[in-house]
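Here is how names work: the chains are called A, B, and so on, in the same order as the sequence lines, proteins then strands, and each is numbered from 1.
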Amino acid sequence: MTGHPRRRRSATPEDLAQIHWLQRLAPEDRAWAAARVQVHDLAPHDVLCVFGDQPTHWYGTLHGLLKLSNDSRDGLPITYAGLPTSGWFGEGTLIKLEPYRYNVSALRASTVGSLPVADFHHLLDVSLEFNRFLMAQINERLGQFMAARVTDRMRNPEIRVARSLLALFNPVLYPTVDAFFQITQQELAYLIGIPRQRINEALQQLAVKGVVELGYGGVRVLDTGLLSAVAAAPLR
DNA sequence: GCATTAACACGTA
DNA sequence: TACGTGTTAATGC
């Protein structure tokens, strides 16, 4: 429960193939970075980062689903973002060298990659490609958070669910997300901030429209085009 | 009135 | 058996 994940191992070739920013680097930088990446296996509810901790690594979801939130210290628990497969996070904290302002925990069994903070800064110093990648990522994330502010003010659960699903399928931030998204309706409820019953209702509305297909413990997005259409227009 | 919360039965892994 | 889903009932604003 506390501090850092228990099971740490070195990265397998399959793990490294999941790390999309590695492919962007020049070959020598790629080899250098790949040798320094470590991998952690998390059980559901395992905590990766805690509010107030000094950051030691840059993290990414290789498999599974993480939640970035500020648990109920005082006031309402707020989930800032879900981090699906291929999502990397914490660069803002690392660049500022400030303590974490949020908690990160696993919503389900997950595999996490990590790069030590010193190595992260080394790549910043030597690799133009790495800087380009980070700039695109930060830019995309900024857009997502601005959109999320709008979404949070909306009443219609169907649109909120559609937009949240769309955010999790962002191809820039999360290039290798599966079409079948393994997330329970309860987890979506925590993520979006509305009760499970209304998540269920909204998902069924989306299913009727052929946007998604509901499965046990997950959602299959059938048509991302339709999904963005629903997210954009409050059609009943 | 409504939206949220609690409680239930059922199906699935 | 434990968990996730879908529905209904109760509660709070």
### Query
Restricting to pairs with a member in residues 138-167 of chain A, which pass ring pair (Phe, Tyr, Trp, His ring centres under 6.0 Å), not counting sequence neighbours?
none
#### Entry: DNA chain B: stems of at least 3 consecutive Watson-Crick or G-U pairs whose donor-acceptor distances fall under 3.5 Å
B:1-13 with C:1-13
Would you list the atom pairs, donor with acceptor, under 3.5 Å between side chains in residues 211-226 of chain A and any protein atom, with sequence neighbours excluded?
| residue | atom | partner | partner atom | Å |
| --- | --- | --- | --- | --- |
| A:Asp223 | OD1 | A:Gly225 | N | 2.9 |
| A:Asp223 | OD1 | A:Leu226 | N | 2.9 |

### Task
May I have all residue pairs that pass side-chain hydrogen bond (donor to acceptor under 3.5 Å, both in side chains) and include part of residues 118-129 of chain A, sequence neighbours excluded?
A:Ser127-A:Glu129
### Message
Side-chain heavy atoms nearer than 4.5 Å, only ILVMFWY residues, links allowed to pass through others: does that put A:Leu115 and A:Leu62 together?
### Response
yes
### Message
Output the rounded distance in Å from CG (A:Leu107) to C1' (C:dG4).
### Response
15 Å
#### Entry: Nearest-Å distance for atom pair CG/C1', residues A:Leu188 and C:dT5
13 Å
#### Entry: Contact interval (first through last nucleotide) of DNA chain B with protein chain A, 4.0 Å heavy-atom
B:dT4 to B:dA13
### Message
Can you list everything that forms a side-chain hydrogen bond (donor to acceptor under 3.5 Å, both in side chains) with A:Ser110? Sequence neighbours excluded, please.
### Response
none
#### Entry: Annotated protein contacts, base or backbone, on nucleotides 7-13 of chain C with a non-hydrogen cut-off under 4.0 Å, one of B, S, - each
BB-----
#### Entry: Distance, rounded to the nearest Å, where A:Gln185 contributes CD and C:dT5 contributes P
4 Å
### Task
Could you tell me which residues satisfy side-chain hydrogen bond (donor to acceptor under 3.5 Å, both in side chains) with A:Thr85, sequence neighbours excluded, listed by chain and number?
none
### Task
Find which nucleotide of DNA chain C each of A:Tyr216 and A:Leu203 is nearest to by heavy atoms, and output the residue with the more 5' nucleotide.
A:Tyr216
### Query
Among all residues two or more places apart in sequence or in another chain, which pass the ring pair (Phe, Tyr, Trp, His ring centres under 6.0 Å) test with A:Phe181?
A:Phe169
### Which residues share a side-chain hydrogen bond (donor to acceptor under 3.5 Å, both in side chains) with A:Asn200, sequence neighbours left out
A:Gln185, A:Gln204
### Summary
Of the listed C:dG6, C:dC3, C:dT5, the closest approach to the A:Thr184 side chain comes from C:dT5
### Partner residues of A:Tyr100 under the side-chain hydrogen bond (donor to acceptor under 3.5 Å, both in side chains) criterion, sequence neighbours left out
none
### Query
CD of A:Gln182 versus P of C:dG4: gap in Å, rounded?
10 Å
### Query
Looking only at heavy atoms, what is the nearest atom pair of A:Leu166 and A:Ala231, with distance?
CD2-CB, 3.9 Å
### Query
Which pairs pass side-chain hydrogen bond (donor to acceptor under 3.5 Å, both in side chains) with one or both residues in residues 16-36 of chain A, sequence neighbours excluded?
A:Gln18-A:Thr176
